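Structure first, commentary second.
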Amino acid sequence: MMQLPNYKEAKVRNKEQVIREEYKFDSSLKNIGVGKTYHVKTYGCQMNEHDSENIKALLEELGFQEENDYEKADLVLLNTCSIRENAHNKAFGMLGRLKHLKEENKDLIIGLCGCMAQEEGVIEDILHKYKFVNFVFGTHNLHSLPNLLSKNLKSNHQEIEVYSKEGNLIEGLPVKRANSYKAFVNIIYGCDKFCTYCIVPYTRGKQRSRKKEDILKEVETLVREGYQEVTLLGQNVNAYGKDFDYDYRMENLLEDVAKTGIPRVRFMTSHPWDFTDQMIEVIAKYPNVMPSVHLPVQSGSSRILKLMGRRYTKESYLELFHKIKDTIPNVSISTDIIVGFPGETEEDFMETLSLVEECQFDNAFTFIYSPRENTPASKLEDNVSLEEKEKRLYRLNEIVNHYFLVNNQKWIGKVVPVLVEGINTNGKDGLYGYTDTNKLINFMGDPSLTGKIVSIKVTDAKTWSLDGELYE
Ligand code: SAH
Ligand code: SF4
Ligand code: F3S
């Protein structure tokens with residue numbers, strides 16, 4: 001039986017308590033992948049990266065083995081992203097390539113999951129135009145993968161299972177972590193903000209916080225295994241605990257995670273709306289909570305922010321920004337900005353530029369607005385030409401890039417703690433890692449330092465990275 005996505009259901013928010021459920025592996029399926037290889041291709045955000053870590057482990061429980069070259073794999077699974085049109089295009093382009101591979105190899109198993117699986121239009125296309133796709137599952141159905149796959153292998157029918165209403169909170173999924181020194185830990189699923197341009201509330205469902213006990217147990221295990229860093233993940237981590245019937249919020253969780261002794265704690269993403277003074281105090285107080293905050297602003301025009309449904313104004317964003325800067329020593333702040341939202345005038349755009357001049361962000365991800373199926377903004381009249389949007393993006397990038405360099409130059413001569421990530425693969429010699437303030441730094445050193453936190457003296461600054469040398 002097929003279960004297809006439905007936007008009406010995906011939009012519903014209710015007060016129903018979310019039920020916690022333990023994942024149980026159906027051991028009768030444990031050999032269905034023996035002798036076969038898999039390749040998972042991941043698009044999109046850290047949530048998807050982490051979901052892929054679960055998906056890989058689920059496939060390995062079935063006997064599949066990982067293959068790095070998708071052209072050689074027996075099963076290729078695309079974990080997709082819907083956030084902008086180009087993410088869509090990439091996944092559909094890849095499906096085109098897989099179609100050719102399948103013409104040569106009829107046994108190739110092709111799967112699609114992630115946020116695009118939650119879109120009505122995409123599933124229509126898969127049903128009618130991409131019939132060679134074997135199976136599809138949604139963001140609420142990760143745990144269904146073994147069953148779905150085994151059904152498809154037996155029947156050879158296209159299997160589609162996408163719940164639009166979020167299911168229970170599934171704990172205990174197996175995980176194959178990409179790193180042995182830094183780890184993602186989900187703390188809250190879904191999003192209830194419904195920013196008017198954004199598809200995430202429909203693809204990821206209602207806001208659901210994981211129980212504190214489950215999160216702390218996961219972090220404590222990571223500490224015992226020698227992990228140096230955890231990143232607490234959520235579309236809006238500051239809303240953590242708002243769905244509990246007791247008082248335990250992000251500031252409490254952040255403090256309890258810091259107390260586990262994990263050397264580094266990061267968290268993302270923070271919506272300015274739920275950022276409390278207590279959170280700022282906890283970040284300032286605990287040396288292992290990294291002084292680095294991602295605080296997406298989206299626009300500097302209060303008029304556009306209102307149309308975006310962001311719930312803050314330029315002034316209230318700036319007030320929060322300065323409070324964070326003034327309270328947390330040496331904090332770095334990064335942001336996301338959208339240009340060319342429907343109806344954005346030159347004056348609105350100038351407001352964004354003036355905000356950027358004031359905030360001088362350490363890093364910024366800048367995007368051209370991309371209308372998404374079924375979102376309220378996609379119904380607004382979009383009277384800004386693509387040429388104008390591209391010009392605005394260019395002008396914005398010139399300014400944000402300038403400040404990345406200015407901020408990086410402030411570090412020259414200072415000694416900073418760096419978590420070493422490994423050997424440079426971008427043509428440079430030596431190693432790379434990230435500072436506590438989340439800056440990429442290159443330096444010479446022995447590869448055995450990978451996974452360790454070392455002291456590095458900053459010797460030079462570029463726009464997107466620092467150079468340094470080991471300091472002892
Ligand atoms: N939950 C995070 C953002 C997740 S999406 C938050 O609210 O901050 C990451 C970024 O993609 C957003 O911050 C936004 O800048 C951008 N984005 C989201 N929808 C978009 C769209 N329709 N067009 C262009 N950019 C978009
Ligand atoms: Fe999208 Fe807004 Fe939710 Fe972020 S907070 S995921 S931009 S709806
Ligand atoms: Fe993309 Fe879904 Fe993440 S839309 S950004 S993969 S939550």
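Counting begins at 1 with the first residue of the sequence. Numbering of ligands and ligand atoms starts at 1, following listing order. In this text, all values refer to a predicted model and were calculated from it rather than measured experimentally.
The protein heavy-atom contact nearest to atom 8 (O) of ligand 1 is P296 CG, 2.9 Å. Of all protein heavy atoms, the one closest to atom 10 (C) of ligand 1 is D336 OD2, 3.4 Å. The nearest heavy-atom contact from the protein to atom 5 (S) of ligand 1 is I83 CD1, 3.5 Å. Closest protein heavy atom to atom 14 (C) of ligand 1: Q298 OE1, 3.3 Å. Atom 7 (S) of ligand 2 has Y197 OH, 3.4 Å as its closest protein atom, hydrogens excluded (heavy atom only). The nearest protein atom to atom 19 (N) of ligand 1, hydrogens excluded, is given as Y197 CD1, 3.3 Å; this is a heavy-atom distance.
When each of S301, C195, P342, S299 is tested with M308 by the rule side-chain contact (heavy atoms from CB on, under 4.5 Å), just one qualifies, namely S299. Under the side chain to side chain donor-acceptor pair (under 3.5 Å) test applied with T366, the options N401, N397, T352 reduce to a single match, N397.
The pair E358-K314 does not count as a salt bridge, with every side-chain nitrogen at least 4.0 angstrom from each carboxylate oxygen. By the 4.0 Å N-to-carboxylate-O rule, K389 lies too far from E344 to be salt-bridged with it. Electrostatic pairing of K217 and E213 does not count as a salt bridge here, judged by no charged N lying under 4.0 Å from a carboxylate O. Residues K176 and E66 are paired through a salt bridge, judged by an N-O separation under 4.0 Å between the basic side chain and the carboxylate. Using a cutoff of 4.0 Å between basic side-chain nitrogens and carboxylate oxygens, E22 and R20 are scored as salt-bridged. Taking 4.0 Å as the cut-off between side-chain N and carboxylate O, K182 and E229 do not count as a salt-bridged pair. Salt bridge E218/R210: present, at least one basic N to carboxylate O contact under 4.0 Å.
H294 and D336 share a donor-acceptor pair across their side chains, judged by distance under 3.5 Å alone. A donor atom on one side chain and an acceptor atom on the other are found under 3.5 Å apart for T37 and D74. Side-chain atoms of Y248 and D256 form a donor-acceptor pair, as typed in the model, at a separation below 3.5 Å. Counted by atom type alone, N236 and D274 present one or more donor-acceptor pairs between their side chains at under 3.5 Å.
The shortest N or O to N or O distance between R84 and ligand 1 is below 3.5 Å. Some N or O of Q235 is nearer than 3.5 Å to an N or O of ligand 1, by distance alone.
Contacts with ligand 1 closer than 4.0 Å are made by heavy atoms of both the backbone and the side chain of S370. Proximity of K193 to ligand 1, defined as any heavy-atom pair under 4.0 Å, is not found for any part of the residue. Residue contacts with ligand 1 for I199 are absent, since no atom lies close enough (heavy atoms, distance under 4.0 Å). Contact annotation: for R310 versus ligand 1, heavy atoms closer than 4.0 Å belong to the side chain alone. Contact annotation: for F367 versus ligand 1, heavy atoms closer than 4.0 Å belong to the side chain alone.
Remark: distances from the non-hydrogen atoms of T269 to ligand 1 include one below 4.0 Å. At least one heavy atom of R310 sits closer than 4.0 Å to an atom of ligand 2. Ligand 1 is never approached by V200 to a heavy-atom distance shorter than 4.0 Å.
Side-chain contact check for L145 versus F135: some heavy-atom pair is nearer than 4.5 Å.
Around atom 3 (Fe) of ligand 3, the protein atoms of type N, O or S that sit closer than 2.8 Å are C45 SG. Around atom 3 (Fe) of ligand 2, the protein N, O or S atoms closer than 2.8 Å are C191 SG, listed by chain and residue number.
Near R372, meaning under 4.0 Å from any of its heavy atoms, are these atoms of ligand 1: 22 (N). Those atoms of ligand 1 with a heavy atom of Y369 less than 4.0 angstrom away are 23 (N), 24 (C). Near I368, with a cut-off below 4.0 Å to any heavy atom, the atoms of ligand 1 are 24 (C).
Remark: E346 pairs with R395 by the side-chain hydrogen bond (donor to acceptor under 3.5 Å, both in side chains) rule, at least two apart or across chains. Judged as a side-chain hydrogen bond (donor to acceptor under 3.5 Å, both in side chains), and not counting sequence neighbours, the contacts of Y197 are Q298, R310.
Note that SG of C113 and CG of N48 are 7.5 Å apart. Values are rounded to the nearest 0.5 Å. If you take OH on Y130 and CG on D125, they are separated by 6.0 Å, rounding to the nearest 0.5 Å.
Taking every heavy atom of both residues into account, V40 and S52 meet most closely at CG1-OG, 3.6 Å.
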